[in-house]
Amino acid sequence: MAKGLTKRSVDYSQWYNELVMKADLAENSAVRGCMVIKPYGYAIWEKMQQALDKMFKDTGHQNAYFPLFIPKSYLSKEADHVEGFAKECAVVTHYRLKNDPDGKGVVVDPEAKLEEELIVRPTSETIIWSTYKNWIQSYRDLPIKCNQWANVVRWEMRTRLFLRTAEFLWQEGHTAHATKEEAMEETETMIQVYADFAEKFMGVPVVQGFKTANERFAGALETYTIEALMQDGKALQSGTSHFLGQNFAKAFDVKFAGKEGKEEYVWASSWGVSTRLMGALIMAHSDDYGLVLPPKLAPIQVAIVPIFKSEEDLAKISAVVEPIVAKLKDKGISVKFDDSDNRKPGWKFAQYELQGVPIRLAVGPRDIENNTAEVARRDTLTKEVVSMDDVDGYIAELLDTIQENIYQKALDFRTEKTTEVESYDEFKKVLEEKGGFILAHWDGSSETEQKIKEDTKATIRCIPLDGDKTPGKCMVTGKPSAQRVLFAKAY
RNA sequence: CGGGGUGUAGCGCAGUCCGGUUAGCGCACCUGGUUUGGGACCAGGGGGUCGGGAGUUCGAAUCUCUCCACCCCGACCA
C-alpha cells in the first residue's frame, strides 16, 4: 500500500480525499469550496476535453463562448429554472473597491452599486437563449448547435474535491431546433455520446436512462442521465442531457418563421459533463496503492525507470532506452524516461503507481546484459520480463489490453453489485448490506419516491432505457409498475 | 443553518487540563558523504505572527471573552 494512503476498506471517503491530494490532482484553495486543479490533474482533464471535443464536433457541434455574468432578471424568466438555482447563486453587486478610510486594505465602494445585480452563471441557458433570440428568425437559421467550455459557480453547502465544488469546469451544449422530434433526437444523441465516452475512454460502464420528475433539471421536460457505480456502492450522476421543450424559447420569446410562414417557438436541448468526471474516474478504478488510469486518459502512459549505480551505467542504459522511447513516441504513446538521480528506483515505482501510470518499464544492468526490460502493469500489479527487441510492440498491445481490462473489471463489479428485488424489505436489506444498484418496481408517483428517499436515503437514479421492460407491482404500494427502475444511494 | 471536533514549521502531530528556561518530535527541505532491482543511511543545518483580536497576569501556545477558518454528522444539492 502507498505510504500514508488510507485503505478503501477503512474509510473510503478519506481514501478518496488523500488520493486526490497525494496523486497531485487537486487541492483545496484559500476560497471555501473552490479547488486548485494541479498540473497532473489538469492534464487528465485536458485528455477528457480533447476526446469529448472531437466527439462533439463529429456530431455537428461548434464551440462558442458566452459571458460569465448573467443579469439577475434573466434568471427569473423561466420559473422552474430560477427556483432550482436561486439558492446557490453568487451575486455581483458592485464594480469598484476603494481604500478603507480606516487605512486597512480596501472596502467595497458603496457608490459603485450596480443598477442590476449580476449572477455568476450556475449554467447558461438564460444568457444563451437571450442571445439566440437575436440569431433566429427563420427555419433557415436552425438548427443551432453550440457548445461552450466554461466554469460555473454553484454555492454548495458541502463540497468535495471534483465531486462537488463551488466552482467547477464543464462543457455545456445548447441547441435550438425547428421541431420537437429533432430536439428530442439531439438530447438522445448526446447522452449516447456521453455513455460512449465514459465506457470507451474512462473505462466506466454507465446506465443510461431518464430522470423522474423530482430529479429533473430545473426547466427541463425530460432529463437523460448516465449513472456510474463507484467502488463503495454509491452511484455518481456523470452526465446529463436535457430536453427543454419550448420552455426557454417562450421565456425569452425566441420564435422562427416556418416554411409555411407560421411563427413557432423554437425547441431546445442542453447537455453537460463536468470535472465531476474526474471524481468518477478516480473512484471507479483506483486501489489502495493509488490511482489507476485508463491508458486513453493517462497523461503519461509509460514511465521508464533506469536502475543504475554510476554515470557509466546510466549512459549504457540510456543508449538502449532512447531508441525505445523514440519508437513508442512514433506510435503516439506518451513516455516519460525518468533518469533523474535524486530519487531511488523504489521511490519512483511507488510514485508512478500512486499516479496511476498504466505501464512502468524498469531497465537495469541485468537487463542490459540480457537485452530485456521489466514491464509492470498498474492495473494488475504484475511484472513480466520482455525482450528489448519487441518491447515497443508489446507495450502498444498491452495498453489496449489494460484499457479493456479496466473496463471489464468495472463492469464485472457493477454486475455483481446490481440486484433485482421484489419487496421493500428486501430492498432495504440489500441497500444496507450490499449497496450498489437496485432494480425494483415503482408505481411512478412522487410520493412513493419521496417516501423511499426518506426511509432509506436511496433515490431513483434513472428509469433505464435498456434492459427489462416487464411490468410488475410497486414494491412499496403494490400499484402497477411499467418497468423496473434503478435505485441507489448517490453522491 | 443546527450538533460535535480541530486550528502549533510545507505536511502530520505532542505540549494546553495544572501559566514559568531558548516551543518540541516525525516526514519534507538544504549541505556533505555513503547508497541505488520496491518509498536508503549517517552527520550537520535552515525554517514558527502557537488561526486573528482583546483581556487577566510580573509572565500566556496554556486562563477568559470574542471573531475567523477548516473537518465530521445532519439539513440542502445539475
Side-chain angles (χ1 to χ4, degrees), chain A residues 1-6 11 13-14 17-18 21-22 27-34 80-81 83-89 104 121-125 152-161 163-166 168 170-172 194 211 214-220 223-227 236-242 244 270-277 289-290 305-311 313-314 317 338-355 360-370 372-374 376 381 383 385 453-454 457 459 461-462 490-491:
Chain A
M1 193 186 78
K3 220 183 204 173
L5 188 60
T6 298
D11 187 338
S13 120
Q14 197 180 336
N17 285 329
E18 285 179 5
M21 290 194 273
K22 285 179 195 283
E27 61 190 27
N28 283 306
S29 71
V31 184
R32 195 200 76 91
C34 296
D80 291 335
H81 191 68
E83 199 187 318
F85 287 106
K87 281 178 283 181
E88 50 187 37
C89 283
K104 286 187 179 175
R121 63 182 165 214
T123 179
S124 301
E125 276 77 7
V152 288
V153 168
R154 297 181 190 176
W155 213 266
E156 302 286 356
M157 297 289 235
R158 278 178 74 181
T159 59
R160 292 191 67 192
L161 291 171
L163 296 175
R164 180 172 289 109
T165 46
F168 56 89
W170 77 343
Q171 58 69 217
E172 46 181 326
Y194 288 156
K211 289 287 186 186
N214 281 342
E215 302 273 331
R216 229 172 251 156
F217 175 73
T223 287
Y224 286 76
T225 178
I226 50 170
E227 298 285 327
L236 185 70
Q237 177 177 306
S238 304
T240 46
S241 181
H242 315 289
L244 303 174
S270 71
W271 29 274
V273 292
S274 71
T275 37
R276 177 182 261 194
L277 288 179
Y289 295 86
V305 178
I307 293 150
F308 57 99
K309 290 193 167 80
S310 62
E311 286 293 319
D313 282 352
L314 178 58
I317 292 166
D338 188 353
D339 60 356
S340 59
D341 65 353
N342 52 5
R343 297 289 188 196
K344 290 184 65 177
W347 192 94
K348 292 178 186 173
F349 292 171
Q351 188 61 23
Y352 291 122
E353 264 160 28
L354 183 59
Q355 297 203 293
R360 183 188 71 236
L361 242 62
V363 182
R366 229 155 52 200
D367 298 297
I368 298 298
E369 214 169 287
N370 303 330
T372 56
E374 182 191 82
L381 292 167
K383 295 184 218 176
V385 176
K453 187 178 176 182
E454 278 163 22
K457 289 183 184 169
T459 50
R461 301 319 304 154
C462 71
Y491 274 95

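Protein chains get the first letters and strands the later ones, always in sequence-line order, with residue 1 at the start of each.
Annotation: A:Phe85 is in aromatic contact with A:Phe217 [ring centroid separation under 6.0 Å].
Per the geometry, CG belonging to A:Asp338 stands 16 Å off P belonging to B:G39, to the nearest Å. Look at CG on A:Asn342: it is 9 Å from P on B:C30, rounded to the nearest Å. At whole-Å resolution of the value, OH in A:Tyr491 and P in B:A78 are 18 Å apart. Atom P of nucleotide B:A75 and atom CZ of A:Arg164 are separated by 13 Å, given to the nearest angstrom. The distance from atom CZ of A:Arg158 to atom C1' of B:A69 is 16 Å, rounded to the nearest whole Å. The interatomic distance linking A:Glu83 (CD) with B:C76 (C1') rounds to 14 Å, in whole Å. Separating the CD atom of A:Glu227 from the C1' atom of B:A78 is a distance of 11 Å, rounded to the nearest angstrom. Put simply, NZ on A:Lys309 is 15 Å from P on B:A40, counting in whole angstrom units.
In this structure, B:A28 makes no Watson-Crick or G-U wobble pair, since no nucleotide meets both defining distances under 3.5 angstrom. The partner of B:G55, taking Watson-Crick or G-U wobble pairs whose two distances both stay under 3.5 Å, is B:C63. B:A9 is unpaired under the criterion used here, namely a Watson-Crick or G-U wobble arrangement in which both key atom distances are under 3.5 Å.
B:C71 and B:C27 are spaced 28 Å apart, taking the P atom of each and rounding to whole Å. B:G48 sits 11 Å from B:A9 when the P atoms are compared, rounded to a whole Å. B:A69 and B:G52 have their P atoms separated by 15 Å, given to the nearest Å. When the C1' atom is compared between B:U8 and B:A23, the two are found 9 Å apart, to the nearest whole Å. Of the C1' atoms belonging to B:G19 and B:G12, the separation is 27 Å, rounded to the nearest Å. For B:G47 and B:U31, the C1' atoms lie 15 Å apart once the distance is rounded to whole Å. The gap from the C1' atom of B:C50 to that of B:U16 amounts to 11 Å, rounded to the nearest Å. On the C1' atoms, B:C18 is 49 Å away from B:U34, given to the nearest whole Å.
No contact: A:Arg160 has no heavy atom under 4.0 Å from any strand. Within the 4.0 angstrom heavy-atom criterion, base atoms lie near A:Ser274. Among the protein residues, A:Phe168 comes within range of the nucleic acid bases, having at least one heavy atom under 4.0 Å from a base atom. At the heavy-atom level, A:Trp170 lies under 4.0 Å from base atoms of the strands shown. A:Lys383 comes within contact range of at least one nucleobase, with a heavy-atom separation under 4.0 Å. Looking at heavy-atom distances under 4.0 Å, A:Arg276 makes contact with a base. Residue contacts for A:Pro365: at a heavy-atom cut-off of 4.0 Å it reaches a base atom on one of the strands shown.
Summarising the geometry, atom NZ belonging to A:Lys211 is positioned 4.0 Å from atom OG1 belonging to A:Thr225; distances are rounded to the nearest 0.5 Å. For the atom pair OG1 (A:Thr159) and CZ (A:Arg154), the distance works out to 14.5 Å, reported to the nearest 0.5 Å. Here the straight-line distance linking atom OG1 of A:Thr6 with atom CG of A:Asp11 works out to 6.5 Å at 0.5 Å rounding.
Evaluation of atom-type donor-acceptor distances gives a pair under 3.5 Å for the side chain of A:Arg154 against the base of B:A78.
The side chain of A:Lys344 places an N or O atom within less than 4.0 Å of a non-bridging phosphate oxygen (OP1 or OP2) of B:G37. Within the 4.0 Å cut-off from OP1 or OP2 of B:C11, not a single side-chain nitrogen or oxygen of A:Lys22 is found.
Remark: A:Arg121 fails to qualify as a cation-pi partner of A:Trp170 under the 6.0 Å distance and 45° angle criteria applied to the six-membered ring.
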(request) List the steps and the verdict of side-chain hydrogen bond (donor to acceptor under 3.5 Å, both in side chains) for A:Ser340 and A:Asp338. (result) CA-CA 6 Å; A:Ser340 59; A:Asp338 188 353; 2.6 Å; yes
